[in-house]
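Could you have a look at this structure, given as structure tokens, before my questions?
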Amino acid sequence: LKINYTHPDADSSSGWFFTSRGTQHGPYPLEQIQQLVREGKIGLGDYFWDPLLGRWNSFEQTPSLSSLLRTGSETDQKPPNLFAAFLNPGLLIKNNLQGQPWPLAFLVSGFAFIFFFLQVGLDLHRSGAISAGQALALASVGLVYGTLGVSLLAYITWLLASVFKSNCSLTWALQAFALSFAPTMIYVSFGLVANLFFDWNSSIAFGVTGVVWALIPISNVTNTLVEGRKTISIALTTLSGLILLFSWFWLSLL
Amino acid sequence: MQTPAVNIYQGQRPKEYAFLVHLVFVVISFSFISALTVRLSGNAAFTVIFVIFGSVFILLGILFVSLFLTTIIGNLPFRVAFEATASGFFALVPFACLAIVAELVLGWSAVHVFTSAGLMASGGGTAVELAQRGVSGKLSIIAPLILGFLMSFLWLVSSAALAQLL
């Protein structure tokens, strides 16, 4: 659902418009809009048309509208949405992680890469290429990669997005990128179980697949960073993926 | 009262035929993925057949997804569904680029991993595009994801079957 916002100063009696499935509805009184918010049909992340400015804006960019939504969401706290967690970390941050310390998100990417690199180490140890101690050392490299490495990836992408006048903060980008590795976390957790209990060489089947799947939420994060400019978002996602690929490649050479 | 004539898009309003540009990129990307699938055979004729097969597969897939969404989501015009799906599948492009780099530059054989993830991402992308066109509800999120997964499965099965035939 999208809201067609008529500026209150322009005509306070005009009410609110929204469109659903390509059809315009309205005008509705503010109370009815609040009801839609309470029913969860309108939420953060929706956009509206400001006829005075003559362009689409997000709710967050208009204080009068965003304060209305905050009131609505405060009365009806949404439960954590698993789809949001795996597909759109930005939505998860907005709906469920407001006010949470952003470094906590790195628990997700940190553990995801600890588990991934540990599996690489275990696979190599099983083939006799490295010792058990070196396998554990690889896990600590995973911690560095999942925290500092992911931070660097987020910073580079955020910096490039800033060229296109991104309104997102660096801390938001760091948090969102770290949470993007939630699918990786799931994959590598299963992989670790298979590795430890069934002696499977799981680093490729589970680890690499899991990291590739992280590109799905990353593409949504870059889309938010550049405010829906699709071509730029796709280019940034490709760049993020290339950074990931080449960093693994260089690590494998070491 | 003055209201915008067209107001079904969020954020940066896409140009009217942007979905066609996206569609062209999607077909080209999937052609590359198809070619990579039989790269190791070294047979030029196989590559041409796979490129054609891949192009037809992705076009029919987008058409099927659009028709299915039109069927299950009430009052959704086909044009809106097709535009959303074509633009949603634009999410495939980074995965195709990465598959090309992984195969040809790094020498990794992981094209199926990138294809599966790319088709699933396309399902997610379609859900996002639908939302941007005013389609709300859990069905409009879940259905494209399931369809993306189905396309991924169908591609694995059909490309393996074609490779066997050749």
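On a predicted model such as this, the values are computed, not experimentally measured, just so you know. Just so it is clear: chains get the letters A, B, ... in the order the sequence lines come, proteins before strands, and each one is counted from 1.
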When the 4.5 angstrom heavy-atom criterion is applied to A:Thr209 and chain B, the contacting part is both
Over 12 foreign heavy atoms within 6.0 Å of CZ, B:Phe149
no
To the nearest 0.5 angstrom, please state how far the CG atom of B:Leu106 sits from the CZ atom of A:Phe246.
5.0 Å
Taking 4.5 Å as the heavy-atom cut-off, does anything in residues 152-165 of chain B contact chain A, and if so which residues?
none
Looking at every heavy atom in both B:Ala91 and A:Ile234, which two are closest together, and how far apart are they?
CA-CD1, 3.8 Å
Side chains of A:Thr231 and B:Val21: closer than 4.5 Å at any heavy-atom pair?
no
Note: vs chain A, highest number of non-hydrogen pairs under 4.5 angstrom among B:Ala96, B:Pro94, B:Cys97 is B:Pro94
Steps toward side-chain contact (heavy atoms from CB on, under 4.5 Å) verdict (B:Phe95, A:Val212)
CA-CA 8 Å; B:Phe95 292 87; A:Val212 170; 4.0 Å; yes
Segment of B:Ser87 engaging chain A (4.5 angstrom heavy-atom cut-off):
both
Nearest heavy-atom contact between B:Ala121 and A:Ile216 is CB-CG1, 3.5 Å
Nearest 0.5 angstrom please: B:Leu98 CG to A:Leu215 CG, how far?
6.0 Å
Could you please spell out the steps behind the side-chain contact (heavy atoms from CB on, under 4.5 Å) verdict for A:Phe249 and B:Val101?
CA-CA 11 Å; A:Phe249 182 70; B:Val101 171; over 6 Å; no
So which bits of residues 112-120 of chain B come within less than 4.5 Å of chain A, counting non-hydrogen atoms only?
B:Val113, B:Phe114, B:Ala117, B:Met120
